[in-house]
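Encoded as structure tokens, the structure appears first; notes follow it.
Side-chain atoms are counted along with the backbone in the values below, which use heavy atoms only and exclude waters and symmetry mates.
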Amino acid sequence: MSTLEPFPARIVRAEWADHVVSPMHDALSREERVAILAARPYSWLHVSRTPDDAVDGQEVDPEALDEANAAALHRLLDAGLYEGFPAPALYVYRLRSADHVQTGIVGEVPPQAFVDGRVLGHEGVQPERV
């Protein structure tokens, strides 16, 4: 069995992109995330919150956070902000900046592949960038 499998992707509808798409969670300070969360109820940041986003000094229950993130995802999907593709597939993307080009493949990976070391998270591939 392959580690990378096609999956049924969804993409943000163009007219909702400014409301949903946000910078990467870890590229923003806590204060920047709080501001975006308050101003943009459909921001993807509502789906990707971490314990670091909790109110200062407040204990975070990981299960409750997972449930809140899942509820935020269902709210975005139920609002019709995404459209699906006709069939599961692998997707290729390319990002360019002034001096760098990066190409990637997006697919579904079984969680067990991370557990048994067949797939490394970005921290394991480039530990100097953690």
Side-chain angles (χ1 to χ4, degrees):
M1 179 170 130
S2 175
T3 302
L4 185 63
E5 296 288 334
F7 73 106
R10 297 177 188 207
I11 190 167
V12 176
R13 294 183 186 280
E15 65 270 22
W16 283 97
D18 289 340
H19 302 279
V20 177
V21 177
S22 65
M24 293 295 294
H25 184 277
D26 58 358
L28 299 168
S29 69
R30 183 179 187 286
E31 293 75 23
E32 290 169 320
R33 290 192 306 269
V34 167
I36 291 171
L37 288 165
R40 293 173 43 197
Y42 291 113
S43 170
W44 181 258
L45 289 178
H46 289 279
V47 177
S48 61
R49 289 174 298 164
T50 68
D52 186 47
D53 295 320
V55 177
D56 289 332
Q58 192 175 41
E59 194 72 24
V60 175
D61 173 14
E63 256 185 58
L65 181 61
D66 287 346
E67 289 173 10
N69 288 351
L73 174 60
H74 288 293
R75 189 171 52 82
L76 296 181
L77 296 174
D78 292 345
L81 310 184
Y82 290 82
E83 59 186 298
F85 290 95
L90 295 173
Y91 300 89
V92 178
Y93 70 91
R94 178 166 287 154
L95 300 173
R96 295 175 199 224
S97 65
D99 61 346
H100 179 76
V101 176
Q102 176 178 321
T103 303
I105 300 172
V106 180
E108 186 171 88
V109 176
Q112 186 61 38
F114 289 91
V115 174
D116 63 26
R118 289 181 290 147
V119 175
L120 300 175
H122 69 275
E123 296 89 349
V125 175
Q126 295 185 330
E128 70 278 2
R129 294 186 66 190
V130 174

Legend entry - same_hphob_cluster(Leu77, Trp16) at 4.5 Å side-chain heavy-atom cutoff: yes
Inset, instruction - For Glu15, look at atom CD and say whether over 12 heavy atoms of other residues, nucleotides or ligands are found less than 6.0 Å away. - result: yes
Inset, instruction - Could you tell me whether the side chain of Phe85 reaches within less than 4.5 Å of the side chain of Ile11, counting heavy atoms only? - result: yes
Legend entry - Least distance between heavy atoms, Leu4 atom then Gly107 atom: CD1-CA, 3.4 Å
Legend entry - Asp18 atom CG, neighbour heavy-atom count above 12 within 6.0 Å: no
Inset, instruction - Verify the cluster assignment for Val21 and Leu73: are they in a single hydrophobic cluster under the rule of side-chain heavy atoms below 4.5 Å apart? - result: yes
Inset, instruction - Please report the shortest heavy-atom distance between Arg118 and Gln112, naming the atom on each side. - result: NH2-C, 4.1 Å
Inset, instruction - For residues Leu45 and Leu28, determine if any side-chain heavy atom of one lies less than 4.5 Å from a side-chain heavy atom of the other. - result: yes
Legend entry - Side-chain (Arg13) to main-chain (Gly80) donor-acceptor, under 3.5 angstrom: yes
Legend entry - His100 NE2 to Arg96 CZ distance, which is reported to the nearest 0.5 Å: 11.5 Å
Legend entry - Side-chain touch Gln102/Arg94, heavy atoms, less than 4.5 angstrom: no
Legend entry - Side-chain touch Arg75/His46, heavy atoms, less than 4.5 angstrom: yes
Inset, instruction - Looking only at non-hydrogen atoms, find the nearest pair between Val92 and Thr103 and report the distance. - result: CG1-CG2, 3.9 Å
Legend entry - Value rounded to 0.5 Å, distance of OG in Ser43 from CZ in Arg33: 11.5 Å
Inset, instruction - Look at the rings of Tyr82 and Trp44 and say which category their plane angle falls in: under 30° parallel, 30 to 60° tilted, over 60° perpendicular. - result: perpendicular
Inset, instruction - Check whether any side-chain heavy atom of Leu95 sits under 4.5 Å from a side-chain heavy atom of Val101, and report yes or no. - result: no
Legend entry - For the student: nearest non-hydrogen atoms of Ile105 and Tyr93, plus distance: N-CE2, 4.1 Å
Legend entry - Interatomic spacing from CG in Leu90 to CD in Glu108 - rounded to 0.5 Å: 10.0 Å
Inset, instruction - Measure across Pro88 and Pro6 and return the closest heavy-atom pair with its distance rounded to 0.1 Å. - result: C-CB, 3.8 Å
Legend entry - From Leu81 atom CG to His19 atom NE2, the distance as rounded to the nearest 0.5 Å: 9.0 Å
Legend entry - Minimal non-hydrogen separation, Arg30 against Asp52, with atom names: NE-O, 3.0 Å
Inset, instruction - Group every Ile, Leu, Val, Met, Phe, Trp and Tyr by side-chain heavy-atom contacts under 4.5 Å, then state whether Leu65 and Val47 land in the same group. - result: no
